[in-house]
Amino acid sequence: MKIAVSLPDELYARADEVAARLGLSRSQVYARALEQFLEDQGEDPVTAALDELVASQEPGAGAAAGRALIDAGAWEW
């Protein structure tokens, strides 16, 4: 995919120098940098908390809770 981004001149020049030194294209340098940045961000804390909550429940507990709501008339379709 092609995109256009604006960079400060100094950052562009540094990335260009690194690309030349490593024998990479600018696109490869930017893609690697972005990939590293995204990896460094780690998992979304809300998703991690929800995953932990789901993992702590017994298998089928969610379905059982949903069925109980439906059977009690507390849920309308």
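This structure is a prediction, so every number in the text was calculated from the model and none was measured.
Note on M1: it clusters hydrophobically with V5, by side-chain heavy-atom contacts below 4.5 Å among ILVMFWY residues. When the side chains of ILVMFWY residues are joined at heavy-atom separations under 4.5 Å, either directly or via intervening members, I3 and Y12 end up in a single hydrophobic cluster. Under the 4.5 Å side-chain heavy-atom criterion for ILVMFWY residues, a single connected hydrophobic cluster contains both Y30 and L11.
For the pair D40/Q36, a side-chain contact is recorded, criterion being any heavy-atom separation below 4.5 Å from C-beta on. The side-chain heavy atoms of E43 and D51, taken from C-beta on, include a pair separated by under 4.5 Å.
To the nearest 0.5 Å, atom CZ of residue R21 and atom CG of residue D16 are 12.0 Å apart. With rounding to the nearest 0.5 Å, the separation of CG in L22 from CD in Q28 is 10.0 Å.
Looking only at distances, no side-chain donor or acceptor of Q41 sits under 3.5 Å from a matching main-chain atom of L38.
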